[in-house]
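In what follows, a single structure is set out as structure tokens and then discussed.
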Amino acid sequence: MSAPATALPHASLLHLSPHPALGPWARTRLTRSRCLASLAPVPAPLPADANHLVQTLCASGRLARAAALLQGLPAPTQRTYESLLLAAARAGDAALAASVHRRLEADPVFRSDPFLSTRLIDAYALLGSLPAARQVFDEAPVKSIFVWNALLKALALADHGEEALARLADMGRLGVPVDSYSYAHGLKACIAASASHVPASALVREIHAHAVCRGYGLHTHVATTLIDCYAKLGIVSYAERVFAIMPERNVVSWTAMIGCYAKNERPGDAILLFQEMMASDADIVPNSITIVSILHACAGVNALWQGKVLHAYILRRGFYSLVSVLNALMAMYMKCGCLEVGRHIFNWIGHRRDVVSWNTLISGYGMHGFGHEAIQVFEEMTQVGVSPSIITFISVLGACSHAGLVDEGKRLFESMVDYNVKPRAEHYACMVDLLGRAGHLDEAVELIQGMHIRPTPQVWGSLLGACRIHCHVEYAEMACSQLFDLEPRNAGNYVLLADIYSRAKLHNQVEVLKDLLKEHALEKLPGCSWIEVKKKLHMFVSVDNKNSQVEELQALIGEFVTEMKNDGYVPDTGVVLYDIEEEEKEKILIGHSEKLAVAFGLINSGRGEVIRITKNLRLCEDCHSVTKFISKFTEREIIVRDVNRFHHFRDGICSCGDYW
DNA sequence: TTAGGGTTAG
């Protein structure tokens, strides 16, 4: 069919050949603009700078045009191949990468080029095609150290840690020099070597020793990777040792060490290290990743004042344009009890919101007990076309669980398939928690028994937690028979079962469990609470004898307890597992860290101020009852964040409705 | 040519 006579003048002009009077520069420009407009056919012969044109198309994401041009290109340059491979990897276009690969294999100039072999391996690794990456390596005629390092990186990225370590060993055997890049990839591979019969910590230590012997132990990138590896393995003291001896620390190594503390439940130390970093050297300036890490640490200890200082810093440094920073800021406010400020930041982010922003808001509502609002945000998210992720469903199911929304949770769990999200063990753990807390224990057990994947400790842990609430001995024993096998060093499981036995008056079994704890030298995680008063963070440990004010604090709590007893309150000594007199048990209850923190807040803050506390464990029933009473008796608002959720105490009532 | 640190949940 011929073009209509009324075709637009500019469109028809594009089909004319460049005027012979035009110079070479103008002719090339005209040809390029036609190609970019995708209206002109591929010109033949190709312009003199066709390689440059392909590179420009790649940079602007017009891959179809770039790929078409490549086919007729008589002499692609190294840079052209590189641009195409990088663009294909970024766009997730595996077909394009394969087509460039085929073209390269037929090119006598570059088919043996080690530079392009590394680029091919990189591209296939990013596209998730490990077999193809491996094949490029095996067939590469020249295996430079770059090619080896690219393979190590690809294997570590694909979680093929054992194979990466085997290749690293090959390098030594074949006399290929190993450099700092090889060590950095090798260390990451240790963490990915989950199926290895050798523990990851032993692998990291071995490579660490090797790097030290070869003089790479203090290399900035190697040492920073070491800090991160030890952080992920939970060996904080080793990370500290590496950090301490680093001669030339930069912002990344400081951030890695701050992140190490934050990951390993030492947010207070993360904040102290950040303050040390700021005071240490004018050249070390925190970047957005440092800010995100430290905001996470502030959220961990409810350090609202420090978080507000960071908020001001974010504004000063212009980080307000970065969504990742705003997401972390939003999470910090919500975890520090300021739900509305978090919502305000979410609104402010506007159309730049990513899936993390939505997840943060959903989980924020969830942890504050606003289940319906969390579901509403979930629905809004899907309506505007954002695909829910694995974490979205964990967040929204968790929100249903905290609010006791059983039917809504079931509906959402069943809808996961509609969003192409396959339920994982984490989602089953959420559902077991939701059903179990609400008292549907039989249904929770049926769900576990029908799982298509092996139940993880989290799933059994959810069942055990529910059994503790409803004092169900039989199912608790079922859960523990799995948990003691799966995680024999987790003292918390033994303590929970002992608690259930204690409430069921099965004292002999309590003793058996206490003996087991002693036999395995397991220690219960001590209860710990934090409170920020007058811009300073204070920490309390249960039965704390170190704080100088502790006697005064306990006396104050004792007065409240006496008042409560007049109203019929009976201390819930069931949570104390020691075989001691009732009076002694009551003393232990008075020494619980959250009660000490509440009393400290009352004494050291003004009447109108909200008391904000964070606890590292679940709030015990007795502390819950006492805090409710204190909120009414003293007319103070008290907000406690425990390991699961928020409790807003006001006028003798808690926002959780005694359901947590 | 290549490499190191981060947010959302449980």
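Residue numbers begin at 1 in each chain, while the letters A, B, ... track the order of the sequences.
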ask   = So, do A/Trp358 and B/dT8 meet the stacking rule of ring centres under 5.5 Å and planes under 30°?
value = no
Can you figure out which of [options] approaches the side chain of [X] most closely?
X        : options              : answer
A/Asn359 : B/dT8, B/dA9, B/dG5  : B/dT8
A/His221 : B/dA3, B/dT8, B/dT7  : B/dA3
A/Val252 : B/dG5, B/dT8, B/dG6  : B/dG5
A/Asn149 : B/dG5, B/dA9, B/dT2  : B/dT2
A/Thr290 : B/dG5, B/dG6, B/dT2  : B/dG5
A/Ser324 : B/dG5, B/dG10, B/dT7 : B/dT7
A/His219 : B/dT7, B/dG5, B/dA3  : B/dA3
A/Asp179 : B/dG5, B/dT2, B/dT8  : B/dT2
A/Val356 : B/dT7, B/dA3, B/dA9  : B/dT7
A/Thr118 : B/dT1, B/dT2, B/dG5  : B/dT1

[X] [atom1] to [N] [atom2]: how many Å, rounded?
X        : N     : atom1 : atom2 : result
A/His311 : B/dT7 : NE2   : P     : 20 Å
A/Phe346 : B/dT7 : CZ    : P     : 20 Å
A/Ile314 : B/dT7 : CD1   : C1'   : 12 Å
A/Leu295 : B/dG6 : CG    : P     : 15 Å
A/Leu157 : B/dT2 : CG    : P     : 17 Å
A/Leu412 : B/dA9 : CG    : C1'   : 15 Å
A/Leu310 : B/dT7 : CG    : P     : 15 Å
A/Arg119 : B/dT1 : CZ    : P     : 9 Å

query = Is the A/Tyr181 to A/Phe146 ring centre distance short of 6.0 Å?
reply = no
query = Quick one: are the ring centres of A/His402 and A/Phe646 less than 6.0 Å apart?
reply = no
ask   = Quick one: are A/Trp348 and A/Leu326 in side-chain contact, heavy atoms under 4.5 Å?
value = yes
Heavy-atom check, side chain of A/Tyr238 versus side chain of A/His208, under 4.5 Å = no
ask   = Between the base of B/dG4 and the side chain of A/Asn250, is there any donor-acceptor pair under 3.5 Å?
value = yes
Give [X] one of three labels, base, sugar-phosphate or nothing, depending on what nucleic acid heavy atoms sit under 4.0 Å from its own.
X        : answer
A/Asp433 : nothing
A/Ser180 : base
A/Gln458 : nothing
A/Ser389 : nothing
A/Thr220 : base
A/Ser293 : sugar-phosphate
A/Met367 : sugar-phosphate
A/His427 : nothing

Respond yes when some side-chain nitrogen or oxygen of [X] is under 4.0 Å from OP1 or OP2 of [N], and no when none is.
X        : N     : answer
A/Lys335 : B/dT8 : yes
A/Lys232 : B/dG4 : no
A/Ser363 : B/dA9 : yes
A/Lys188 : B/dG4 : yes

query = Do A/Arg111 and A/Asp107 sit within salt-bridge range, that is, some charged N less than 4.0 Å from a carboxylate O?
reply = no
query = Any Lys/Arg nitrogen of A/Arg134 or A/Asp138 sitting under 4.0 Å from an Asp/Glu carboxylate oxygen of the other?
reply = no
ask   = Has A/Arg618 got more than 12 heavy atoms of other residues, nucleotides or ligands less than 6.0 Å from its CZ?
value = yes
